There are 2 protein chains.
Amino acid sequence: MGMSTSTRKQQAREAREDLILREAQAILLERGYLGLTMDRIAQATDYSKGTIYQHFPNKEEVVMALVTQTSSRRSAMFERAATFRGRSRERMAAIGQAAELFVRLYPDHMRSEQIVRAASVRDKTTPERRRVLEACESRCMNVAKGVVRDAIAAGDLELDPERVPELAFGLWSMHFGAFNLAVAEWPLDELGVDDPLASLRVNQHVLLDGYGWQPLFAGAFDWDATNARIAHEVFAGEWARLAGEA
Amino acid sequence: MGMSTSTRKQQAREAREDLILREAQAILLERGYLGLTMDRIAQATDYSKGTIYQHFPNKEEVVMALVTQTSSRRSAMFERAATFRGRSRERMAAIGQAAELFVRLYPDHMRSEQIVRAASVRDKTTPERRRVLEACESRCMNVAKGVVRDAIAAGDLELDPERVPELAFGLWSMHFGAFNLAVAEWPLDELGVDDPLASLRVNQHVLLDGYGWQPLFAGAFDWDATNARIAHEVFAGEWARLAGEA
DNA sequence: CCATGATTTTGACGAAGCGTCAAAATCTTG
DNA sequence: CAAGATTTTGACGCTTCGTCAAAATCATGG
């Protein structure tokens with residue numbers, strides 16, 4: 001058995017895994033989590049159930065794989081956001097824009113992530129794949145923490161370095177909560193919240209103002225211009241795609 | 001058929017429903033969401049499956065009922081918190097303490113709520129029971145909004161009344177996110193977040209500082225004293241229970 | 001090109017849960 | 001207490017899961 005054989009097999013395997021995930025994604029989108037079954041995946045991919053099980057030990061793992069795929073895109077967007085040329089707080093604003101853009105591009109991802117996070121579902125997945133997802137989160141968190149540290153170094157923010165994770169966690173929990181509330185079609189408007197994402201945009205800035213991170217949102221700084229610049233210089237492609245889909 | 005007969009039947013029915021929910025709660029605690037089955041509930045209650053189905057059309061509704069029960073306790077705690085005698089921002093801090101106390105008293109509730117919020121699960125529940133849950137949320141939200149309005153009226157906070165829901169949503173999303181992240185046993189500590197609830201306590205105050213709500217957290221005010229007073233004057237019973245369980 | 005052994009694919013199968021419903025049990029009332 | 005109304009029961013049909021022996025396909029040396 002030559003190297004080329006092994007490679008060819010490996011490639012075929014990967015191609016098939018891609019196909020499985022593509023079809024699973026489509027089924028998930030069309031019929032929801034409960035409508036996603038291993039039999040249906042098999043049928044859609046024209047493979048037998050046994051073959052699907054060669055790739056994924058259960059459907060939770062399939063969903064986990066989908067979540068992981070998309071999550072790594074988010075990490076990449078965060079990393080790209082942090083490269084924005086501007087003051088530290090503008091770079092953090094870029095990360096915020098990345099996060100919002102992400103949920104708007106992949107609204108169904110949040111729904112899947114919610115499922116995968118539920119304890120009973122997560123218990124059926126392998127630690128290995130969980131690790132991958134944790135790594136994505138870690139990347140996002142590290143990008144954010146890096147920007148905070150840069151802010152301290154640049155003198156834009158006065159904060160004990162010990163408290164950097166705390167600040168990052170504040171942003172994360174606020175985003176996580178708002179996105180999950182926004183995506184679960186709960187009647188938020190009846191509670192007076194017409195546009196949760198808009199509220200989030202403000203609250204995130206208010207939080208950073210609370211930390212005294214310069215330049216303040218409640219100040220003379222032209223944040224509209226910054227947001228426009230971020231959209232143009234970092235996420236032009238994504239915004240175009242979003243506009244195209246709508 | 002006299003009135004007493006009807007009443008007796010009604011009472012028996014309610015007693016049975018309580019029993020079902022109690023047993024379901026126990027099973028949920030012990031075996032998780034996927035381990036909760038209608039057959040097991042039937043077995044545990046010594047009724048047949050058909051009888052269980054007389055009360056709940058599926059297990060999603062059972063969980064929904066459990067979530068609703070506990071949620072209404074949270075609403076009550078919020079309402080009690082708002083009665084705290086103090087300045088507006090202290091009263092909001094009392095609500096914060098209520099929220100934290102609640103997750104610590106019922107950590108499993110958050111897990112169930114997470115499941116019930118997932119779209120695929122929620123779709124199987126009746127609109128009627130969803131309404132009940134929404135009503136609980138509405139109560140919580142209204143308590144919070146009331147305190148914010150009081151703050152504006154008292155001059156502790158300068159804010160366009162239009163933006164009251166926005167502020168409330170900021171707190172809600174931050175809490176919701178942090179609680180869900182804390183309760184899903186994800187390795188947050190590896191991301192530098194050792195004590196998510198402690199971080200939340202700070203971040204919630206930082207957010208309100210960002211809004212300029214007096215008296216500020218980052219000021220001379222003695223917040224430790226306020227927290228102790230809240231714990232003692234409003235939630236003495238709950239804290240005792242928490243200490244007893246630990 | 002074929003034989004042979006390794007590898008992969010298949011789908012039938014047992015187990016488990018769901019929700020239903022006709023029959024059995026129980027209760028009500030004249 | 002008899003007859004009719006109501007409630008309870010659990011067996012049944014259906015769906016999904018995950019497995020595994022048999023069939024199909026592939027790799028390799030002659």
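Just so we're on the same page: letters track the sequence lines, and every chain starts at 1. Model, not experiment: these values are computed from the prediction.
- As a whole-Å value, the separation of B/I27 CD1 from C/dG17 P is 11 Å.
- Distance, B/K124 NZ to C/dG17 P: 14 Å, rounded to whole Å.
- Crowding of A/E128 atom CD: a count of heavy atoms from other residues, nucleotides or ligands under 6.0 Å not exceeding 12.
- Distance, A/R13 CZ to C/dT7 C1': 12 Å, rounded to whole Å.
- Residues A/E238 and A/R73 are not paired through a salt bridge, judged by the lack of any N-O separation under 4.0 Å between the basic side chain and the carboxylate.
- Rounded to whole angstrom, the span from the CD1 atom of B/I52 across to the C1' atom of C/dT20 amounts to 15 Å.
- A straight line from CG of B/L34 to C1' of D/dG18 spans 15 Å, rounded to a whole angstrom.
- Under the 4.0 Å criterion applied to side-chain N and carboxylate O atoms, B/E137 and B/R117 are assigned as salt-bridge partners.
- In terms of phosphate contacts, A/T51 brings a side-chain nitrogen or oxygen within less than 4.0 Å of OP1 or OP2 of C/dT10.
- For A/T37, the listed nucleotide lying nearest its side chain is D/dC17; candidates were D/dT8, D/dC17, D/dG10.
- In terms of phosphate contacts, B/R40 brings no side-chain nitrogen or oxygen within less than 4.0 Å of OP1 or OP2 of C/dA16.
- By the 30° and 60° cut-offs, the orientation of the rings of A/W172 relative to A/F176 is perpendicular.
- Between A/K49 and the phosphate of D/dC20, there is no side-chain N or O to OP1/OP2 separation shorter than 4.0 Å.
- Here C/dT9 is the nucleotide among D/dT8, D/dC17, C/dT9 with the atom lying nearest to any side-chain atom of A/Q54.
- Atom P of nucleotide C/dT26 and atom OH of B/Y47 are separated by 13 Å, given to the nearest angstrom.
- Here C/dA15 presents its P atom at 21 Å from CE of A/M38, a figure rounded to the nearest Å.
- Checking C/dT9, D/dG18, D/dT8 against the side-chain heavy atoms of A/Y53 singles out D/dG18 as nearest.
- For A/N58, the side-chain atoms get nearest to D/dG18 when compared with the rest of D/dC17, C/dG19, D/dG18.
- The distance from atom CG of B/D46 to atom P of D/dT8 is 14 Å, rounded to the nearest whole Å.
- In this structure, the side chain to side chain contact (heavy atoms under 4.5 Å, CB included) partners of A/E166, at least two apart in sequence or on a different chain, are A/R163, A/Y211, B/S199, B/V202, B/N203.
- Contact annotation for A/K59: backbone-only contact, meaning every heavy-atom pair under 4.0 Å involves sugar-phosphate atoms and none involves a base.
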